[in-house]
Protein chains: 2
Amino acid sequence: MTASPTPPTSRSRRSAGDRRAQLVQIGLELLPTTPIQELTIDAVARRAGISRSLLFHYFATKREYYTAVTRAAADLMWAHLQPRPGTPADEQVAGMLDRYVGWVETYRESHLAFVRGAGGGDPWVADVYAETRQRLVEVALSTLGLPDDALRRQLVLAWFAFAEDLVGSWADEPTLSRPELLALLREILDRLVRSGH
Amino acid sequence: MTASPTPPTSRSRRSAGDRRAQLVQIGLELLPTTPIQELTIDAVARRAGISRSLLFHYFATKREYYTAVTRAAADLMWAHLQPRPGTPADEQVAGMLDRYVGWVETYRESHLAFVRGAGGGDPWVADVYAETRQRLVEVALSTLGLPDDALRRQLVLAWFAFAEDLVGSWADEPTLSRPELLALLREILDRLVRSGH
DNA sequence: TAGCTTGTTGAGCGTTGCTCAGCAAGCCGG
DNA sequence: CCGGCTTGCTGAGCAACGCTCAACAAGCTA
């Protein structure tokens, strides 16, 4: 039919890589303001200036799109937290902790939306963050020079839940000085990870 | 169409209270098997042997229904955890901790679905569990005879995140004996709640 | 120019949350 | 038995969303 005879669609035609990157970028921008489950494909497409159909051309399913966005967010954090080689192990852990708190301070809303989005709702999306946490635990343990057994792994993962929650509420209401917070987190982590309970 | 488990007559007509209770009950049964966001009103209605419309007669919105279900779940746990009066304060806390671990052991799937469902997705639903945690923190602190300041509150809340995560993974893979787990949780809680950081 | 590749679109289908006008089950006073 | 009232309950239907499909069009090459 085409009752609307080709509106002035001098819309740009992008390369596949560009388009994908643009869509993921839009997801990263929208993630903090919108709970991941409420974010509609339509909104993303409109924001990108394209039709819904095109988004499905790049991401077969909504889930696939969201996992891509989540993975991008996880990679950003991962890159930021990487330990700086060449310094003493103790300092490396302290640095990671420091950068982690800094990360949450800076991207407070988006980080929590990310963590919570990962925790609830979709298991596929949750896996992406679980995987990132696993990697963090591995790095933490190996940096500390401690064996990576099942118990320690559980404890450090639980410590992450502790740290996420505490840093989140601390960012809202700083009841501790920043160094005190860091020291407390470090102390609990040490307590958990050193043997003998 | 009314192939419902209740075949008293062609169509059973229930009192408003009965129907509400039945619907909430169905929600409690479905919560463990189905992520709260994926649970459709249609499924609940079909399971109750009623039309979708009727559910919207009792709960104006899907969110309202889910918060009612979540609140019911929270109340169950709350009742189970209540400290037994008349015993020493120390024992009361130990008892609560013990019952909490027992609760997660028993209702593992539904509890985690509940907590995660509360954590992610819908903020309204999240509030219900946040409220329950607040009440638990109050009881814990007052039982321990400790002041209820902002810092302690944050720390105990974060400890809950720690405990939920740890008990959850521990139930999957018991790397510690049960008494060891309880002692560890208790020790960390004590460490956090006693002053001086 | 034709022809090929590929980024892009609109029309449309099934499901789901939600609305609304109205039916029907039970109970009353005549 | 009959009207009339209350109220639990339903089916048709709308809007939004995820997702599909056939086809168009922009850019390249021969």
Side-chain angles (χ1 to χ4, degrees), chain A residues 1-27 30 34-69 117 121-125, chain B residues 1-27 30 34-69 117 121-125:
Chain A
M1 292 299 262
T2 25
S4 51
T6 321
T9 67
S10 54
R11 274 178 187 162
S12 56
R13 186 189 167 98
R14 296 200 186 194
S15 78
D18 265 12
R19 196 56 99 185
R20 255 191 98 98
Q22 181 204 17
L23 293 174
V24 168
Q25 181 58 35
I26 288 176
L30 255 40
T34 319
I36 202 160
Q37 297 287 351
E38 284 180 25
L39 186 54
T40 71
I41 289 292
D42 209 76
V44 177
R46 200 161 31 237
R47 184 143 168 164
I50 61 172
S51 66
R52 262 161 293 152
S53 318
L54 187 57
L55 203 149
F56 284 108
H57 177 67
Y58 289 104
F59 304 93
T61 191
K62 189 188 180 184
R63 188 154 29 211
E64 194 178 311
Y65 174 62
Y66 287 150
T67 50
V69 173
D122 194 40
W124 289 50
V125 176
Chain B
M1 46 183 71
T2 358
S4 74
T6 40
T9 51
S10 57
R11 271 194 220 138
S12 59
R13 190 189 166 96
R14 297 203 185 190
S15 79
D18 265 12
R19 195 56 96 184
R20 256 189 96 96
Q22 181 205 16
L23 292 174
V24 169
Q25 181 58 36
I26 288 176
L30 255 39
T34 321
I36 203 161
Q37 299 286 355
E38 285 180 26
L39 187 52
T40 71
I41 289 292
D42 209 77
V44 178
R46 199 160 32 237
R47 184 144 168 163
I50 61 172
S51 65
R52 260 162 296 153
S53 318
L54 187 57
L55 204 149
F56 284 108
H57 178 67
Y58 290 104
F59 304 92
T61 191
K62 188 187 180 184
R63 179 143 51 197
E64 194 177 312
Y65 173 64
Y66 286 150
T67 51
V69 172
D122 195 36
W124 289 50
V125 176

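Heavy atoms only: backbone and side chains are in, while hydrogens, waters and symmetry mates are out.
- When distances run from any side-chain atom of Arg13(A) to the nucleotides dG27(D), dA11(C), dC19(D), the shortest one goes to dG27(D).
- DNA chain C is contacted by both Arg63(B) and Ser53(A); Ser53(A) maps to the nucleotide lying nearer its 5′ end (nearest heavy atom per residue).
- Of the side-chain N and O atoms in Tyr58(B), none sit less than 4.0 angstrom from OP1 or OP2 of dG8(D).
- When heavy atoms are screened at a 4.0 angstrom cut-off, Leu54(A) is found touching base atoms of the nucleic acid.
- Interatomic distance, CZ of Arg52(A) versus OG1 of Thr40(A), reported as 9.0 Å (0.5 Å rounding).
- Taking both residues in full, the closest heavy atoms of Ala68(B) and Phe59(B) are given as CB-CE2, 3.7 Å, listed atom of the first, atom of the second, then distance.
- Computed from coordinates, the Tyr66(B) OH to dG17(C) P distance equals 6 Å when rounded to whole Å.
- Across all non-hydrogen atoms, the minimal contact from Leu30(A) to Arg47(A) is CD1-NH1, 2.9 Å.
- Tyr65(B) contributes a side-chain N or O that, together with a main-chain N or O of Leu23(B), makes up a donor-acceptor pair within less than 3.5 Å.
- Atoms CG (Asp42(A)) and C1' (dG12(C)) sit 15 Å apart, rounded to a whole Å.
- Nearest to the side-chain atoms of Ser51(B) among the listed nucleotides dC19(D), dT10(D), dC9(D) stands dT10(D).
- If you measure from atom CZ of Arg46(A) to atom P of dT9(C), you get 14 Å, rounded to the nearest angstrom.
- Side-chain nitrogen and oxygen atoms of Arg52(A) include none within less than 4.0 Å of the OP1 or OP2 phosphate oxygen of dA16(D).
- In this structure, His57(A) atom NE2 and dT6(C) atom P are separated by 10 Å, rounded to whole Å.
- Regarding contacts with the backbone of dT8(C), every side-chain N or O of Arg14(A) stays at 4.0 angstrom or more from both OP1 and OP2.
- One can place CG of Leu23(A) at 9 Å from P of dT8(C), the figure rounded to the nearest angstrom.
- Separating the CG atom of Leu55(A) from the P atom of dC17(D) is a distance of 14 Å, rounded to the nearest angstrom.
- What separates CD1 of Ile41(B) from P of dA15(D) is a distance of 21 Å, to the nearest Å.
- Ser15(B) has no side-chain polar atom (N or O) that falls below the 4.0 Å cut-off from OP1 or OP2 of dG8(D).
- With Ser15(B) contributing its side chain and Asp18(B) its backbone, the two residues share a donor-acceptor pair below 3.5 Å.
- Side-chain proximity of Thr40(A) to dC17(D), dG17(C), dC19(D): nearest is dC17(D).
- Rounded to whole angstrom, the span from the CD1 atom of Ile50(B) across to the P atom of dA24(C) amounts to 19 Å.
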